[in-house]
There are 2 protein chains.
Amino acid sequence: MNGLSQTCARAILDTVPAIMQAIRVEMRLERMHELSVPQFRTLAYIARHPGCSLSDVADFIGLTLPSMSVLINGLVGEGLVLRESSLIDRRRVMLNLTEAGAAVHTRALNGTMAWLQERLASLSDEECQTVLQVMELLHPLFTVDCAGVTDRETMHT
Amino acid sequence: MNGLSQTCARAILDTVPAIMQAIRVEMRLERMHELSVPQFRTLAYIARHPGCSLSDVADFIGLTLPSMSVLINGLVGEGLVLRESSLIDRRRVMLNLTEAGAAVHTRALNGTMAWLQERLASLSDEECQTVLQVMELLHPLFTVDCAGVTDRETMHT
DNA sequence: GACATTAGTTAGCAATTCTAACTATTCTAC
DNA sequence: GTAGAATAGTTAGAATTGCTAACTAATGTC
C-alpha cells in the first residue's frame, strides 16, 4: 500500500545483490587467499567471538550445522582454525583462530576494505555518513533469527 | 586514511552479506517456485530488456558467458524463457520471457517484495526515504562497466 | 578468400550447501 | 541411577552453481 516502502524494497532488491556480486568477485579474484564470502565471514565471527561453538557461527552466518561443519573442516585443514572439544560440555566444539588464521583474516579484511573504500571514494563525507547510518539501521533487521545471544559487539570494530 | 570511509566500508561489509543471506534463504525457502537469486535477477533483467543478448545478461548479473548459458538452459527448460537466434546477427541470441516466465517473475518479485517490506516495517517513512537514497547512491558504484549496455539492446527488437 | 574477432555452447571440474541419518554427550524424571 | 529425550556435531549423498578450457558458428577486415 505504501508506495515508499515498496520503492525502498525494490531498491534494496536491485542494489544489494549487485554489491554482493562485486564483493564476491573481489574476494575470489584478487587480494585474499581465495577466501569465499562465507569463509571470510566465519573467520570474522570467530575473531570476534573466540571459543564460540559451531552452532553460534552457523546461526550467525545463516548456514545449517552440517554446512558449517564442512566449512570449518576446510578452514581447519588449511590451518586457519582450531577445533577443540569443550571441557565443560563435550558435545560442544570450541572454535578459535590460529595465528595463521588471524593473519589471513586481517589481511583479507584490510584488502577488501581498501577495495571497498576505493569504490566509495566518490562519496562525500556526508553521503558516507548517511550510508553508515543506513547500514546500521538495516543490519539488525536482517540478523533477527538467531534469537539466542545477540552480539552487540557487531556494531563496533 | 579517513576513519569515516573506513567505518562505512566496514558497515557495508557487515551488513550487505547478512541481507543477502536473508534474501537467498527467503527465495529458496518459500514464496517462489524455487528460483535462485541469479535466476530471479536474470528474469528481472530480461523482463526489463526484452530481446537482450546472452552477453548483456551475463555482464549485468556478473556471470561468465558459459555460466549464463547454462543458467538460461535451465530457464528455457522450465519454459520461462525463449532463446532465439537474432536475424540480424545470427551469432547473437535473443532472450525473451514466455508468458509463464513473466508470471513467475511477477509472482517471485511480489513475494520477495512483500517479505522485504515486512522486514522494513519498523522503519519510519523518513528512514525508508534515507534507505532508498543510499541504495540509489550505491547502486551505480557497484554495477560494472556495462553501464552503456542499457542503450545497446533497445536498438534491435 | 584467408584470418581475426565475436557470440555462444559443451565438457569437465571444484566448491557450496542442502537433507537425512548417524554418533556422542548431557539432561530429565521416575 | 538408569531409561529415554534432547542437544551438538559429523558423515554421506545429492543438487546446484559457477569456473576454465576448448570448441563451433557467424561476422568483419584486408
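Bear in mind that the values here come from a model prediction, so they are computed numbers and not experimental data. Residue numbers start from 1 in every chain, and the chains themselves are labelled A, B, ... in the order their sequence lines are given, proteins ahead of strands.
Whole-Å rounding puts the L63(B) CG to dT9(C) P distance at 14 Å. Spacing between atom CZ of R24(B) and atom C1' of dA15(D) amounts to 16 Å, rounded to whole angstrom units. Following rounding to the nearest Å, L87(A) (CG) and dT25(C) (P) show an atom-to-atom distance of 13 Å. Across the protein-nucleic acid pair, L54(B) atom CG and dA25(D) atom C1' stand 15 Å apart, rounded to whole Å. Regarding I61(A), its CD1 atom lies at a distance of 10 Å from the P atom of dT17(C), rounded to whole Å. Taking atom CG of L95(A) as the reference point, atom C1' of dA8(D) lies 12 Å away to the nearest angstrom. Rounded to whole Å, atom P of dT24(D) lies 19 Å from atom CG of D89(B). Between the P atom of dT17(C) and the CD1 atom of I72(A) lies a distance of 12 Å, rounded to the nearest Å.
Defined by atom type and a distance below 3.5 Å, a donor-acceptor pair is missing between the side-chain atoms of R90(B) and S85(B). No side-chain N or O of R83(B) forms a donor-acceptor pair with one of N96(B) less than 3.5 Å apart.
In this structure, T15(A) and F142(B) have side chains that are not in contact, with every pair of non-hydrogen atoms separated by 4.5 Å or more.
Comparing dG9(D), dT9(C), dT27(D) against the side chain of L65(B) picks out dT9(C) as the nearest. Checking dT9(C), dT10(D), dT16(C) against every side-chain atom of S69(A), the shortest atom distance belongs to dT10(D). Considering only the side chain of Q39(B), dT17(D) comes nearest among dA8(D), dT9(C), dT17(D). Comparing dT10(C), dT19(C), dT17(C) against the side chain of P66(B) picks out dT10(C) as the nearest.
Counting any heavy atom pair closer than 4.0 Å across all strands shown, V70(B) reaches no nucleic acid atom.
A close approach under 4.0 Å does occur between a side-chain nitrogen or oxygen of S55(B) and OP1 or OP2 of dG8(C). Between T64(A) and dC18(C) there is a side-chain N or O to OP1 or OP2 distance below 4.0 Å. In this structure, R83(A) reaches the dT10(D) phosphate: one of its side-chain N or O atoms is under 4.0 Å from OP1 or OP2. Look at S67(B) and you won't find any side-chain N or O under 4.0 angstrom from OP1 or OP2 of dT17(D). Contact annotation: R91(B) does not reach the phosphate of dT24(D) (side-chain N/O to OP1 or OP2, under 4.0 Å). In this structure, S36(A) reaches the dT16(C) phosphate: one of its side-chain N or O atoms is under 4.0 Å from OP1 or OP2.
In terms of modelled atom types and a separation under 3.5 Å, the side chain of H49(B) and the main chain of Y45(B) share a donor-acceptor contact.
Sorted pairs that involve residues 127-137 of chain B and meet salt bridge (charged side-chain N to carboxylate O under 4.0 Å, His left out), not counting sequence neighbours, are lacking altogether.
If you check distances only, the side chain of R90(A) never reaches the base of dT25(C) with a donor-acceptor pair under 3.5 Å.
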